[in-house]
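Note on naming: letters A, B, ... go to the chains in the order of the sequence lines (proteins, then strands), and numbering restarts at 1 for each one.
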There are 2 protein chains.
Amino acid sequence: MRPLFHPSIEDVSVEAILHALSDPVRVAILVEIVGAACSQNCSNFLQVNDKDIPKSTLSQHFKALREAGLIRGERKGVEMHNTSRCAEIEQRFPGLILAIVNAHNIQSRDRRRSGRKRKPIS
Amino acid sequence: MRPLFHPSIEDVSVEAILHALSDPVRVAILVEIVGAACSQNCSNFLQVNDKDIPKSTLSQHFKALREAGLIRGERKGVEMHNTSRCAEIEQRFPGLILAIVNAHNIQSRDRRRSGRKRKPIS
DNA sequence: TCAATAGTTCATAAATTCAGAACTAATGAA
DNA sequence: TTCATTAGTTCTGAATTTATGAACTATTGA
């Protein structure tokens, strides 16, 4: 299988980062990968924000994150190990990822408070 | 003519902001509006980064920026006065716009240094 | 009333995204 | 080896989004 493409850090563009993170599923994936102690495989995300994501779609989302330079994916046996490249990006664009993740957190908190997206009491 | 739509600040979403600013023309417009002492009309941007932008396209770009909550547009006689809403957004998502504009500046500087996008010596 | 200016809307072609189906690659068991 | 399983990618067509020329609207000034 052909090796996955990863841009070198100097080829990472702000446009690509912003585009990648303008999708709520991709932000959720990145936040999870950043926060996790160990690398994450794709199948951990077949459910995101209470929504089922088909695995072909998920694969495209991971590709988008990889090609934007936000994560690194390494095939380890049968599964993929995904790790964040945020430290490199922090070097190149200081404060960018933090500000975006932070803004997303503020938004989620506000939405919870105002009662949007609340799970129905089953 | 029907009045232009502007979202209230609590309806502004991170996704919409990031999507709006994932386009280089729109970032350039926003940066210009933020940096300008007075409000800017659309026709100031028929050329952006040495590229001609058709006015219908430009109109859509301004609409995208308005509907993302990044700028406010007011019709003043025959032309439109566009002003930034960054102060409001700073209240809601501290540091976000600054980090993005900053990252774009770093990228432009790097590109100039590495010789990309250099105008041919005519 | 007419022409000029500034910008929007419409229509359609081009590009992008989504998701099911088929495929590939690695592993483990028989 | 061969088969089944698991994890993920690629293919393909449908749906959505974007870009832009052409037509349109609104305001101003002559």
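- Listed in residue order, the members of residues 62-74 of chain B having a heavy atom less than 4.0 Å from DNA chain D come to none.
- Nucleotide C:dA25 holds its C1' atom 16 Å from the CG atom of A:Asn41, rounded to whole Å.
- At most 12 non-hydrogen atoms from other residues, nucleotides or ligands lie less than 6.0 angstrom from CD of B:Glu74.
- Residues A:Leu46 and A:Val78 fall into different hydrophobic clusters, defined by Ile, Leu, Val, Met, Phe, Trp and Tyr side chains chained together at heavy-atom separations under 4.5 Å.
- The heavy-atom pair separating B:Phe62 from B:Asn82 by the smallest distance is CE2-ND2, 3.3 Å.
- Using a 4.5 Å cut-off between side-chain heavy atoms of Ile, Leu, Val, Met, Phe, Trp and Tyr, with links allowed through other members, A:Val48 and A:Ile33 fall into the same hydrophobic cluster.
- Using a 4.0 Å heavy-atom criterion, one finds that B:His81 contacts no nucleic acid atom at all.
- More than 12 heavy atoms of other shown residues, nucleotides or ligands fall within 6.0 angstrom of atom CD in A:Gln47.
- The shortest distance between side-chain heavy atoms of A:Leu4 and A:Met80 falls below 4.5 Å.
- A distance of 5.0 Å separates CD1 in B:Ile100 from CG in A:Leu18, rounded to the nearest 0.5 Å.
- Between C:dA6, D:dA19, D:dG8, one nucleotide has an atom nearer to the side chain of B:His61 than all others, and that is D:dA19.
- Annotation: of the two residues near DNA chain D, B:Lys76 and A:Asn44, the 5′-most nearest-nucleotide partner is A:Asn44.
- Atom-to-atom, CD of A:Gln40 to C1' of D:dA7 comes out at 15 Å; the value is rounded to the nearest Å.
- By the criterion of side-chain heavy atoms lying less than 4.5 angstrom apart, applied directly or through intervening Ile, Leu, Val, Met, Phe, Trp or Tyr residues, A:Leu98 is not grouped with A:Val101; the two fall into different hydrophobic clusters.
- Less than 4.0 Å separates DNA chain C from at least one heavy atom of each of the following residues of residues 51-60 of chain B: B:Lys55, B:Ser56, B:Ser59, B:Gln60.
- As rounded to whole Å, 14 Å separates atom C1' of D:dT9 from atom CG of A:Leu46.
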